[in-house]
K.L.:
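The structure follows.
First the proteins, then the strands, lettered A, B, ... as listed; each starts at 1. Every heavy atom of this structure was used, including side-chain atoms; hydrogens, water molecules and symmetry mates were not. As the structure is a computational prediction, the values presented were derived from the model and not from experiment.
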There are 2 protein chains.
Amino acid sequence: MNTNMATPSAIDRTLSALADPTRRGVVDRLRQRPHPAGELAAAFDMSPPAMSRHLRVLRQTGLVEENVDADDARVRVYRLRPEPFAALRGWLEEVESFWEDQLGAFKAHAERTRGTKPPGGRKS
Amino acid sequence: MNTNMATPSAIDRTLSALADPTRRGVVDRLRQRPHPAGELAAAFDMSPPAMSRHLRVLRQTGLVEENVDADDARVRVYRLRPEPFAALRGWLEEVESFWEDQLGAFKAHAERTRGTKPPGGRKS
DNA sequence: AAAGTCGTTAACGACAGGGTGAATGATTAA
DNA sequence: TTAATCATTCACCCTGTCGTTAACGACTTT
């Protein structure tokens, strides 16, 4: 049985979205400042349709938002949105709490059994 | 031309590895405790070969490590490794610094344009 | 020793995802 | 108005990835 798999959670979609190198690059680029769609396509040497689809994925996961340029309504300006990143970091910290627990248990154990070998006497 | 794409960084591989729902599930499951490969295959209702390949991906990105069971050398026990998670969190926090900058800029701007200053220190 | 178990690699089919060029809608420039 | 520009969606191809079964090596059990 599977304890947890019906997790269509936002985390899953966020990770899928960020898994693609192009989209990862777009995020890294948007860290500097907002960019128009065409500028992003050019920056990644990619046809506008291809970039448009990537941006749609990022939009659907809430990683970016689209705004119409104030001076030229044809231009769509994209910028980062914080929520999915915060959620992903939350999951990460949750996972990392694993080692805090391990560490706590180890410390407690070490305190009880000073001078003995550390846990994990497995074959290497 | 492409300004930034030669980022074969471990982050990319880590995200790709975590993008798959099965592998995400494996990680979530290993949070509880280490598991033998076969147990994981059963837990996800998947053939051993399929799970074996997922585990290989996770191994190659350093997300898990394999150990031979002390009592039965046929059994491979998998457990989480912290490094890739820490690296991913590092990248996330880097991305999130974006909004800190935004906030700082906003605060500074508000301080210049208005007589009242928001609470807290200022950026330099 | 032979048989059974655990996990891997190998070979193959099926599907999703990402790329392109053409066509469409919306806006701006001549 | 007509032409040009920005970005999208549409219709395809094509590579990569995920899943299966079969075969193999390693170890345990009887």
Side-chain angles (χ1 to χ4, degrees), chain A residues 2 5-8 12-27 29-30 34-61 63-79 122-124, chain B residues 1-2 4-5 7-8 12-27 29-30 34-61 63-79:
Chain A
N2 194 331
M5 88 161 266
T7 311
D12 273 315
R13 281 171 306 170
T14 299
L15 284 167
S16 295
L18 293 176
D20 183 89
T22 299
R23 293 194 286 266
R24 250 288 308 278
V26 168
V27 167
R29 185 163 260 258
L30 291 183
H35 284 271
E39 210 169 292
L40 291 170
F44 288 85
D45 197 18
M46 176 175 295
S47 68
M51 179 54 71
S52 187
R53 286 188 49 181
H54 284 302
L55 291 172
R56 174 160 63 164
V57 172
L58 292 171
R59 222 184 312 140
Q60 285 171 342
T61 61
L63 285 160
V64 305
E65 71 179 357
E66 176 196 87
N67 288 294
V68 177
D69 187 283
D71 299 330
D72 186 343
R74 294 172 301 181
V75 174
R76 317 281 182 90
V77 178
Y78 284 87
R79 70 180 59 208
R122 291 298 202 259
K123 180 217 169 286
S124 61
Chain B
M1 313 238 239
N2 195 331
N4 123 354
M5 93 159 267
T7 310
D12 273 314
R13 282 171 305 171
T14 300
L15 284 167
S16 294
L18 293 175
D20 183 90
T22 299
R23 292 193 288 264
R24 249 288 308 279
V26 168
V27 167
R29 186 163 259 259
L30 292 182
H35 284 270
E39 210 169 292
L40 291 170
F44 288 85
D45 197 20
M46 177 175 293
S47 67
M51 180 54 71
S52 186
R53 286 191 53 181
H54 282 303
L55 291 171
R56 175 160 62 163
V57 172
L58 291 171
R59 222 184 312 138
Q60 285 172 342
T61 61
L63 284 160
V64 306
E65 70 177 358
E66 177 194 87
N67 288 294
V68 176
D69 187 282
D71 298 330
D72 186 344
R74 292 172 302 179
V75 176
R76 317 281 182 90
V77 179
Y78 283 87
R79 69 180 60 207

K.L.:
Between B:Arg74 and B:Arg56, which is nearer to the 5' end of DNA chain C once each is assigned its nearest nucleotide?
P.N.:
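Residue closer to the 5' terminus by nearest nucleotide: B:Arg74.
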K.L.:
Are any of the side-chain heavy atoms of B:Tyr78 and B:Glu65 separated by less than 4.5 Å?
P.N.:
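They are not in side-chain contact.
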K.L.:
Taking only the side-chain nitrogens and oxygens of A:Tyr78, find out if one of them lies under 4.0 Å from OP1 or OP2 of D:dT8.
P.N.:
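So the side-chain polar atoms of A:Tyr78 do come within 4.0 Å of the phosphate oxygens OP1 or OP2 of D:dT8, strictly under.
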K.L.:
Taking CG from A:Asp20 and C1' from C:dA16, how many angstroms apart are they, rounded to a whole number?
P.N.:
13 Å
K.L.:
Does a nitrogen or oxygen in the side chain of B:Ser47 sit under 4.0 Å from OP1 or OP2 of D:dT20?
P.N.:
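Looking at the OP1 and OP2 atoms of D:dT20, one of them is under 4.0 Å from a side-chain N or O of B:Ser47.
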K.L.:
Not counting sequence neighbours, which residues clear salt bridge (charged side-chain N to carboxylate O under 4.0 Å, His left out) with A:Arg76? List them please.
P.N.:
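A:Arg76: salt bridge (charged side-chain N to carboxylate O under 4.0 Å, His left out) contacts with A:Glu66.
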K.L.:
Of all the choices, D:dC18, C:dT27, D:dC27, which nucleotide is nearest to the side chain of A:Ala73 once you look at every atom?
P.N.:
C:dT27
K.L.:
Hey, does A:Met46 reach any base, or is it just sugar-phosphate, or nothing, if we go heavy atoms under 4.0 Å?
P.N.:
sugar-phosphate
K.L.:
Tell me whether the side-chain N/O atoms of B:His54 come closer than 4.0 Å to OP1 or OP2 in D:dT17.
P.N.:
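No.
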K.L.:
Got a sec, which residues hit salt bridge (charged side-chain N to carboxylate O under 4.0 Å, His left out) with A:Arg74, two or more places apart in sequence or on another chain?
P.N.:
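Residues passing salt bridge (charged side-chain N to carboxylate O under 4.0 Å, His left out) with A:Arg74: A:Asp72.
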K.L.:
NA contact type, B:Glu39, heavy-atom cut-off 4.0 Å: base, sugar-phosphate, or nothing?
P.N.:
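Nothing: the residue B:Glu39, judged by heavy atoms under 4.0 Å, touches no strand.
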K.L.:
Can you tell if the side chain of A:His54 reaches within under 4.5 Å of the side chain of A:Met46, non-hydrogen atoms only?
P.N.:
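Side chain of A:His54 against side chain of A:Met46, heavy atoms only: contact under 4.5 Å found.
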K.L.:
Should the side chain of A:Arg53 and the base of C:dG19 be counted as holding a donor-acceptor pair, with the cut-off at 3.5 Å?
P.N.:
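For A:Arg53, whose side chain was compared with the base of C:dG19, there is a donor-acceptor pair (under 3.5 Å).
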K.L.:
Please classify the nucleic acid contact of A:Pro49 as base, sugar-phosphate, or nothing, using heavy-atom distances under 4.0 Å.
P.N.:
base
K.L.:
Determine: side-chain N/O of A:Arg76 to OP1/OP2 of C:dA26, distance under 4.0 Å, yes or no.
P.N.:
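No, A:Arg76 has no side-chain N/O under 4.0 Å of OP1/OP2 on C:dA26.
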K.L.:
How would you label the contact of B:Ala50 with the nucleic acid (heavy atoms, under 4.0 Å): base, sugar-phosphate, or nothing?
P.N.:
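Base contact.
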